[in-house]
Amino acid sequence: MAFQTPLTIKKVIENIHKKKYLLPAIQREFVWGTEQIEKLFDSLMQGYPVGSFLFWDVKKEKSKDFQFYEFIRNYHEKNNRHNPLASVDEGEDIIAILDGQQRLTSMYIALKGTYTYKLPRMRRENPLAYPEQQLYVDLLGPSEDFDTIYDFRFLTNEEADADYKDAHWFKVADILNINNPFEIHQYLIKSGLSVIEQEKALFASETLHKLYQAINETPNINYFLEEEQKLDKVLNIFIRVNSGGTKLSYSDLLLSIATAQWRNKDARQEITRFVDEINQIGSGFNFNKDFVLKACLVLCDFKDIAFKVDNFNSETMQKIECNWDNIRESIRLAVNLVSSYGYNQDTLTSKNAIIPIAYYLLKRDIPHNYIQSKKYQDDRKLVKKWLVLGLLKQVFSGQPDNVLRPLRKIINMNHTDFPLQMIIDEFKGGTKSFSFNDDEINNLLTYEYGQKHTFSILALLYPNLDFRNKFHLDHIFAKSLFTKRNLSKTGVSQDNLEFYFEHVNSIANLQLLEGIPNIEKSDKDFEEWFNETFKDGSAKSDYLAKHYIPNVSLKFTNFKEFVEKRRELIYQKVKSIV
């Protein structure tokens with residue numbers, strides 16, 4: 001490995017753009033945010049060193065043996081986060097980047113591309129939530145931040161144009177089109193920046209000249225060139241040099257190893273695409289590579305399921321590749337099953353809880369009609385009860401491996417039906433017990449609207465709901481009624497005001513109601529809605545029994561008695577289940 005003559009950023013960007021520089025498949029994906037890119041360019045302007053780089057010279061006779069990716073140019077948080085697969089011509093030498101990918105990708109996006117991320121407080125499905133932005137620098141004044149001098153910002157073209165009174169935003173990418181200092185003076189004159197007040201004119205001239213020098217003239221890219229062609233050594237070098245910066249997680253390392261050692265499939269493409277797919281199931285989830293790789297370890301029956309790089313060699317990686325199709329189908333079926341129970345990214349409080357379900361379905365040969373067939377109806381109820389108990393007891397917190405290993409052993413030995421009772425018996429009395437005592441049941445009933453575990457409690461109370469229909473978490477007595485003005489208007493005594501405010505969001509005032517009835521119910525008085533909706537005695541009785549409504553007055557002024565009696569009904573029901 002030899003230190004090479006440094007390169008200018010402009011030259012490196014040209015090579016990236018011409019696809020002369022590529023990324024080996026062992027590289028992770030781009031993870032830097034806009035603030036990191038802005039600070040990188042401020043450092044370049046101030047003449048700070050931005051670290052060394054490590055390039056890998058892959059000879060033409062070896063280039064077809066490895067998988068390579070292009071640099072991402074137009075990053076989009078929702079639609080374009082993955083690097084495109086590179087097409088390598090046979091007999092072509094390649095320069096692959098082993099260290100410095102994040103910095104070089106940041107420079108490439110800033111100088112040749114765009115960065116698009118979701119604006120806060122806007123819904124994901126709203127196209128306006130994702131404005132396309134480019135990197136600009138203000139030529140009229142310094143940054144107001146204490147740790148930077150130059151004001152670099154990612155802006156839309158409209159934002160840059162609209163801010164012309166207080167700033168002059170220069171698109172950083174345009175510096176590549178300036179070929180000499182004379183053209184800088186031309187730009188300053190044509191933009192009117194040479195006739196403004198002296199202090200601002202000098203700052204504009206200095207900023208533009210420094211940017212030109214940092215990108216076009218100064219050889220800022222100091223790099224080593226590795227010529228080793230053996231992948232094992234290159235992988236070891238890669239892992240060592242990537243221990244700093246935005247650190248590689250274990251999943252990044254494992255995915256790198258898998259990508260390098262899978263023979264017939266591209267691990268990176270397979271796993272990242274699969275993560276995207278399962279996150280679109282139902283109302284949406286937030287699974288990641290860590291989850292999928294962890295599931296691979298469990299489902300392949302490896303003895304050690306910890307994320308330790310030393311545990312992974314070509315033999316174990318090839319076993320995962322050989323079993324990948326079944327692993328993928330088992331996880332997909334498990335996620336669809338859990339989605340059919342009404343869970344999503346907001347209510348599934350442990351991703352690891354999916355893994356034993358996937359393992360069970362794998363051992364049952366992944367029955368394709370498991371979710372729909374009446375044949376498995378009772379079995380699905382057992383799985384659901386196990387899931388709910390596990391989530392409410394938070395058994396996967398702390399050290400999940402201590403739960404996953406014994407669960408796998410029990411399921412492996414008993415998978416004709418889901419072994420719920422065996423699991424409860426095995427863990428009974430331990431720190432990861434699936435059983436509840438009276439105090440724990442009482443604690444469950446303290447959960448409120450908006451908390452993640454609340455849905456799981458209601459899932460216990462409504463075991464037979466078909467969540468292929470849309471269900472809403474509904475306040476029985478509408479939340480909008482709990483204002484001081486309305487409470488006073490309806491005759492609620494001052495002594496009871498505190499109780500009303502404390503229990504409006506309590507589990508005793510919540511129910512799962514189908515979407516259309518919930519919309520119709522809206523902000524109506526509960527007693528009025530109940531009498532309008534259910535005309536005959538049988539329908540009323542069915543509703544009251546289904547929703548654990550006590551036999552008391554349903555008037556708003558009787559809210560305190562209603563909550564106390566309904567809480568007792570819920571307590572007894574939960575106790576009978578757990």
Side-chain angles (χ1 to χ4, degrees), residues 119-123 126 283 342 344-347 349 392 439-462 465 470-535 539-541 543-574:
L119 297 178
R121 296 181 296 278
M122 293 189 74
R123 297 180 67 85
N126 184 352
S283 299
N344 56 37
Q345 61 186 347
D346 297 320
T347 53
T349 51
L392 290 176
D439 287 341
E440 289 171 327
I441 296 173
N442 277 312
N443 285 336
L444 291 181
L445 302 191
T446 64
Y447 283 109
E448 297 187 342
Y449 182 85
Q451 295 181 315
K452 287 189 173 183
H453 288 91
T454 301
F455 176 82
S456 289
I457 298 168
L458 292 172
L460 281 177
L461 300 175
Y462 296 88
L465 290 188
K470 188 72 175 177
F471 282 87
H472 294 173
L473 195 59
D474 172 63
H475 287 78
I476 296 174
F477 287 87
K479 189 176 182 179
S480 60
L481 302 178
F482 288 74
T483 64
K484 284 187 176 180
R485 185 174 183 178
N486 186 63
L487 292 172
S488 175
K489 180 182 175 182
T490 52
V492 176
S493 68
Q494 287 290 326
D495 294 340
N496 286 331
L497 286 182
E498 186 176 350
F499 183 91
Y500 274 68
F501 290 131
E502 283 183 355
H503 292 84
V504 55
N505 290 318
S506 74
I507 202 84
N509 191 36
L510 300 178
Q511 63 180 345
L512 289 176
L513 200 61
E514 287 194 54
I516 293 176
N518 185 49
I519 293 170
E520 293 172 345
K521 178 175 177 287
S522 190
D523 296 333
K524 285 185 179 179
D525 175 82
F526 175 55
E527 185 182 42
E528 178 184 338
W529 170 83
F530 175 71
N531 289 325
E532 287 178 357
T533 306
F534 305 101
K535 300 297 185 182
K540 289 183 176 181
S541 296
Y543 170 82
L544 295 175
K546 181 180 179 181
H547 295 278
Y548 309 95
I549 305 298
N551 185 24
V552 297
S553 168
L554 301 182
K555 293 186 180 299
F556 188 47
T557 51
N558 196 47
F559 178 70
K560 183 175 182 180
E561 184 185 11
F562 173 89
V563 165
E564 291 171 346
K565 292 292 177 62
R566 187 166 188 259
R567 187 187 186 282
E568 180 59 30
L569 289 176
I570 292 174
Y571 174 86
Q572 294 300 333
K573 179 62 178 179
V574 172

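Positions are given from 1 along the sequence.
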If you define the side chain from C-beta out and look only at heavy atoms, does anything of [X] sit under 4.5 Å from [Y]?
| X | Y | value |
| --- | --- | --- |
| Phe559 | Phe526 | no |
| Leu510 | Ile476 | no |
| Leu461 | Val574 | yes |

Checking Val563 against Phe499 for the side chain to side chain contact (heavy atoms under 4.5 Å, CB included) test, could you report, in this order, the C-alpha distance in whole Å, the side-chain angles of both residues, the deciding distance, and whether it holds?
CA-CA 10 Å; Val563 165; Phe499 183 91; 3.9 Å; yes

Rounded at 0.5 Å granularity, tell me how far [atom1] in [X] sits from [atom2] in [Y].
| X | Y | atom1 | atom2 | value |
| --- | --- | --- | --- | --- |
| Asp525 | Phe530 | CG | CZ | 12.5 Å |
| Lys546 | Leu544 | NZ | CG | 12.5 Å |
| Ile570 | Ile457 | CD1 | CD1 | 9.0 Å |
| Asn551 | Leu569 | CG | CG | 10.0 Å |

Consider only side-chain N and O atoms of [X] and [Y], and report whether a donor and an acceptor are under 3.5 Å apart.
| X | Y | result |
| --- | --- | --- |
| Asn531 | Lys540 | yes |
| Tyr548 | Gln572 | no |
| Asn486 | Thr483 | no |

Is there a ring pair (Phe, Tyr, Trp, His ring centres under 6.0 Å) between Phe482 and Phe556 once you walk through the steps?
CA-CA 10 Å; Phe482 288 74; Phe556 188 47; 5.2 Å; yes

Counting distance only, does the side-chain N/O of [X] pair as donor-acceptor with the main-chain N or O of [Y] below 3.5 Å?
| X | Y | result |
| --- | --- | --- |
| Tyr500 | Thr557 | yes |
| Thr446 | Asn443 | yes |
| Glu561 | Asn558 | no |
| Arg566 | His547 | yes |

Nearest heavy-atom approach of Glu527 to Leu554 is CB-O, 3.5 Å

Worksheet entry | side chain to side chain contact (heavy atoms under 4.5 Å, CB included) between Asn344 and Thr347, worked out | CA-CA 5 Å; Asn344 56 37; Thr347 53; 3.3 Å; yes

Margin query: Set out, in order, the CA-CA distance, both residues' side-chain angles and the distance that settles side chain to side chain contact (heavy atoms under 4.5 Å, CB included) for Phe477 and Val504, then state yes or no.
Written below: CA-CA 8 Å; Phe477 287 87; Val504 55; over 6 Å; no

**Asked** Which is it for His503 and Asn509 under the side chain to side chain contact (heavy atoms under 4.5 Å, CB included) test, yes or no, and what are the steps along the way?
**Response** CA-CA 7 Å; His503 292 84; Asn509 191 36; over 6 Å; no

